[in-house]
There are 2 protein chains.
Amino acid sequence: MSSYSPSETAEKSGFSIDTLRYYEKIGLLDGIARNASGRRVFTDDDLGWLGMLRCLRETGMPIAEMLRYSELARGGEETFGERLELLEEHDRRVEAQIRLLRAQQKKIKSKISFYGGPSGE
Amino acid sequence: MSSYSPSETAEKSGFSIDTLRYYEKIGLLDGIARNASGRRVFTDDDLGWLGMLRCLRETGMPIAEMLRYSELARGGEETFGERLELLEEHDRRVEAQIRLLRAQQKKIKSKISFYGGPSGE
DNA sequence: ATTCCACCTGGAGTGCGCTCCAGGTCAACC
DNA sequence: GGTTGACCTGGAGCGCACTCCAGGTGGAAT
């Protein structure tokens, strides 16, 4: 088994069918195959790419930048350098985001113990 | 010094003046004092509250829930239990968010090393 | 034959969280 | 007395990322 209907793909990728269509429309998904009656047929490769997109989205990358990354990905090995740069930049932002979350979480926890949280009261 | 103009408050709190007005309008900020000519005057207490709001916002709490928290905060000590519950629930979401980020960051880093990232090439 | 269902399209609508705007006020400075 | 600048109000507008809708198609089951 290596080809998937839109609904299977939605389930496996975690994106809704509407989002899959939207992503194809704006160019995040390229060359999605169609069967004889015009329906989308997703491959394992497509699922792999969707996994990458999901990773980028969930770490807060804006669609516009994912689009940039997609364009680079279409450019073949020549764009490895640029893709590397883009991901490293993003990785730094993710790192900063985690740091911020941790710092703010500390404040929340201290507020919790102020209100008499676990092992407080 | 213990009272601040809107622009000072914006600078100190990290929210824009427009956002401060908006927060007051929707009820996240309550009882902000005014001077004789109708301008807002923020106190250290207000700044403290804004710090809490900022913490909640930056950890992804939706405005609607911050509103709920604000209402509870107006309710005095009787609402400590509910506030505690709300913050504990939020803390768990923050924890999950951090975990997700860390997990996705791993994928990004492995992609980076695939592209020939630091100490790779 | 018809009912059903998953899918298709283009385009409109939604929810969130601001952000901007027009038109006005007031205190202060030149 | 005029100008400036920070502030005020109500309300419109915006950017993002979807999400929904109307109307239609094509294959499969009853």
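Just so we're clear, the structure is a prediction, and the values are computed from it rather than from any experiment. Within every chain, numbering begins at 1; the chains are lettered A, B, ... in the order of the sequence lines, protein sequences first and strands thereafter.
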Could you tell me how far apart A:E11 (CD) and C:dC7 (P) are, to the nearest whole angstrom? 11 Å
Suppose we screen for salt bridge (Lys or Arg N to Asp or Glu O under 4.0 Å). Which residues come up paired with A:R57, at least two apart in sequence or across chains? none
Mind calculating the distance between CD (B:E58) and C1' (C:dC18) to the nearest angstrom? 15 Å
A:R74: what forms a side chain to side chain contact (heavy atoms under 4.5 Å, CB included) with it, not counting sequence neighbours? A:D30, A:S70, A:E71
Under 3.5 Å, is there a donor-acceptor pair between the B:D46 and B:Y4 side chains? no
Under the side chain to side chain contact (heavy atoms under 4.5 Å, CB included) test, which residues partner A:K109, sequence neighbours left out? A:Q105, B:D91
Nucleic acid contacts of residues 59-71 of chain B, taken as heavy-atom distances under 4.0 Å to DNA chain C: B:P62, B:I63
Any residue meeting ring-ring contact (aromatic ring centres under 6.0 Å, His included) with B:Y69, in chain and number order, not counting sequence neighbours: B:W49
Hey, can you pull the residues of residues 19-35 of chain B with a non-hydrogen atom under 4.0 angstrom from DNA chain D? B:R21, B:K25, B:R34
Kindly write out the residues that satisfy side chain to side chain contact (heavy atoms under 4.5 Å, CB included) with A:T19, not counting sequence neighbours, or none if the list is empty. A:F15, A:S16, A:Y23
Sequence-distant partners of B:E58, salt bridge (Lys or Arg N to Asp or Glu O under 4.0 Å), two or more places apart: B:R54
State whether the side chain of B:T79 and the backbone N or O of B:G75 hold a donor-acceptor pair below 3.5 Å, judged by distance alone. no
I'd like to check the side chain to side chain contact (heavy atoms under 4.5 Å, CB included) partners of A:E11; sequence neighbours left out, ordered by chain and number. none
What string of B, S and - do you get for nucleotides 24-30 of chain C, 5' to 3', when a contact is any protein heavy atom under 4.0 Å? --B----
Are the charged groups of B:R34 and B:E24 less than 4.0 angstrom apart, N to O? yes
State whether A:R102 and A:E95 are salt-bridged, where the test is any N-O pair (Lys NZ or Arg NE/NH1/NH2 against Asp/Glu carboxylate O) under 4.0 Å. no
Could I get the full list of salt bridge (Lys or Arg N to Asp or Glu O under 4.0 Å) partners for B:E82, not counting sequence neighbours? B:R68
Taking 5' to 3' order, which nucleotide of DNA chain D is first and which is last to have an atom within less than 4.0 Å of a heavy atom in chain A? D:dA17 to D:dG26
Is it possible for you to check whether A:K111 lies under 6.0 Å from the centre of the six-membered ring of A:F114, through NZ or CZ, and within 45° of that ring's axis? yes
